[in-house]
2 protein chains.
Amino acid sequence: MDFEYADALNQAIRLLSLRHRARAAALLAPLGLHPGQEALLLELDRTGPMIQAQLADALGCEPPSVTLMTRKLESAGHIRRAPAPSDKRASVVELTDTGRALAARVKELWCALAEETLRGVPAATAAELPALLRTLTANVDTRPARDA
Amino acid sequence: MDFEYADALNQAIRLLSLRHRARAAALLAPLGLHPGQEALLLELDRTGPMIQAQLADALGCEPPSVTLMTRKLESAGHIRRAPAPSDKRASVVELTDTGRALAARVKELWCALAEETLRGVPAATAAELPALLRTLTANVDTRPARDA
DNA sequence: CCGGATTAGTTATGCGCATAATAGTTATCC
DNA sequence: GGATAACTATTATGCGCATAACTAATCCGG
């Protein structure tokens, strides 16, 4: 494959990551959130209480990252952690009331961010974009696939 | 805008970032490089010696990040830093011979990564992908635009 | 039932990114 | 030309991510 094209693609992915994250950071800052934390809140809002290991899987990051993020979100009062009744190793994480309220606000920002991101992109292209990106992601994903 | 779609898009971008970077990390590790550093080497290989401020602009990151990355790459012997003759504030960064050799190997990996990323994607879609991603990036870019 | 393998979570450490604050240099404008 | 503004680079700090090493609990085969 042509290096010019390969570099254009890889660099485009890298820069999109940086800028999209930076924009998300700017939008989330007024809520006192850092990018990455919103994903945790949204996942809890979507799925309900869950184990940290499930969270790590859903967020696509490793357990140590979840440990630190949950600790900070707990300190901020947005989530609550309780020992799992049936497994003394695990701890179930769930949203607090303020966490749920925060998730609602994140949802609005998320819609605004998506609109902003897609400015000038044809509707047909936009409609296929999430699936296309997921294809690319699956192509470079070395994790054990999860079925859901 | 529909939250379902917005979340699908934002999450797809976030996950592509994570996985693409992780895959890049796995490919670069044998070379002793961490993801992000390859961009610096490739930029120097493409453009030649340049000032750190120019590097920060080209890489799309902030000067403090460049300071740390150049320090590590210099310790590894891949780049060289020298005071700029005409400006006592600036320091010019350039590739060493081993750095140039490393950049050549990164180019090969970069081609392989792009091929891997595009597996199963129609050629027509792939051809338009970099431009599409750059459009999305520009849409969320809050930096002062650079002309090049 | 017991001992090895798996699993959940944490700690320690390191990297790339960010922002804020600072020192030294250069440019600009009275 | 001298004060002021703008720029280059650095340090300090913090966050999200990673891997490696460790503890504690659960599971499972003999």
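Scope of the values below: all heavy atoms of this structure, side chains included, with no hydrogens, waters or symmetry mates. Throughout, a chain's letter reflects where its sequence line sits, starting with A, and its residues are numbered from 1. Keep in mind the model is a prediction, meaning the values are calculated, not measured.
- If you find the closest nucleotide of DNA chain D to A:Lys88 and to A:Gln37, the one lying nearer the 5' end belongs to A:Gln37.
- For the OP1/OP2 pair of C:dG9 and a distance below 4.0 Å, the side-chain nitrogens and oxygens of A:Thr67 include no atom meeting the criterion.
- The base of C:dT7 sits with one of its N or O atoms less than 3.5 Å from a complementary donor or acceptor on the side chain of A:Arg89.
- Here D:dA9 is the nucleotide among D:dA12, D:dA9, C:dT11 with the atom lying nearest to any side-chain atom of B:Ala53.
- Separating the CG atom of B:Leu41 from the P atom of C:dG16 is a distance of 11 Å, rounded to the nearest angstrom.
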- Message: Is there a side chain to side chain contact (heavy atoms under 4.5 Å, CB included) between B:Gln52 and B:Thr67? Walk through the geometry before answering.
- Response: CA-CA 8 Å; B:Gln52 286 185 202; B:Thr67 293; 3.8 Å; yes
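- For A:Gln52 and C:dT10, the shortest distance from a side-chain N or O to OP1 or OP2 is below 4.0 Å.
- An OP1 or OP2 oxygen of D:dG14 is reached within less than 4.0 angstrom by no side-chain nitrogen or oxygen of A:Lys72.
- In this model, no donor atom of one side chain and acceptor atom of the other lie less than 3.5 Å apart for B:Thr70 and B:Glu74.
- Atom CG in A:Leu68 sits about 14 Å away from atom P in C:dG9, given to the nearest Å.
- Nearest nucleotide to the B:Glu62 side chain, out of D:dT10, C:dG16, C:dT19: C:dT19.
- The phosphate of C:dA18 has OP1 or OP2 within less than 4.0 Å of a side-chain N or O from B:Ser65.
- Listed candidates were C:dT25, D:dA25, D:dC17. Nearest to the side chain of A:Asp87 is D:dA25.
- In this entry the distance linking NE2 of A:His34 with P of C:dT19 reads 12 Å, nearest Å.
- Following rounding to the nearest Å, A:Arg143 (CZ) and D:dA18 (C1') show an atom-to-atom distance of 11 Å.
- Proximity note for A:Pro64 (side chain, C-beta onward) versus D:dA9, C:dC17, C:dA12: the nearest is C:dA12.
- Between B:Arg71 and C:dG16 there is no side-chain polar atom (N or O) within less than 4.0 angstrom of OP1 or OP2.
- For the pair A:Lys72 and A:Met69, the minimum side-chain heavy-atom distance is 4.5 Å or more.
- Look at CD1 on A:Ile51: it is 12 Å from P on D:dT26, rounded to the nearest Å.
- Taking 4.0 angstrom as the limit, A:Arg19 places none of its side-chain polar atoms (N or O) nearer than this to OP1 or OP2 of C:dC17.
- As a whole-Å value, the separation of A:Arg81 CZ from C:dA8 P is 15 Å.
- Paired with A:Thr137 under the rule side chain to side chain contact (heavy atoms under 4.5 Å, CB included), one option of B:Thr117, B:Ile13, B:Leu16 passes, and it is B:Leu16.
- A heavy-atom distance below 4.5 Å is found between the side chains of A:His20 and B:Asn10.
- Atom-to-atom, CG of A:Leu55 to P of D:dC17 comes out at 12 Å; the value is rounded to the nearest Å.
- Nearer the 5' end of DNA chain C, as judged by each residue's closest nucleotide, is the contact made by A:Val92, out of A:Leu18 and A:Val92.
- If you check C:dA8, D:dT8, C:dC17 against the side chain of B:Met69, the one that comes closest is C:dC17.
- Remark: A:Arg105 CZ is loosely packed, at most 12 non-hydrogen atoms of other residues, nucleotides or ligands lying under 6.0 Å away.
- In this structure, the CZ atom of A:Arg21 is 12 Å from the P atom of C:dT19, given to the nearest Å.
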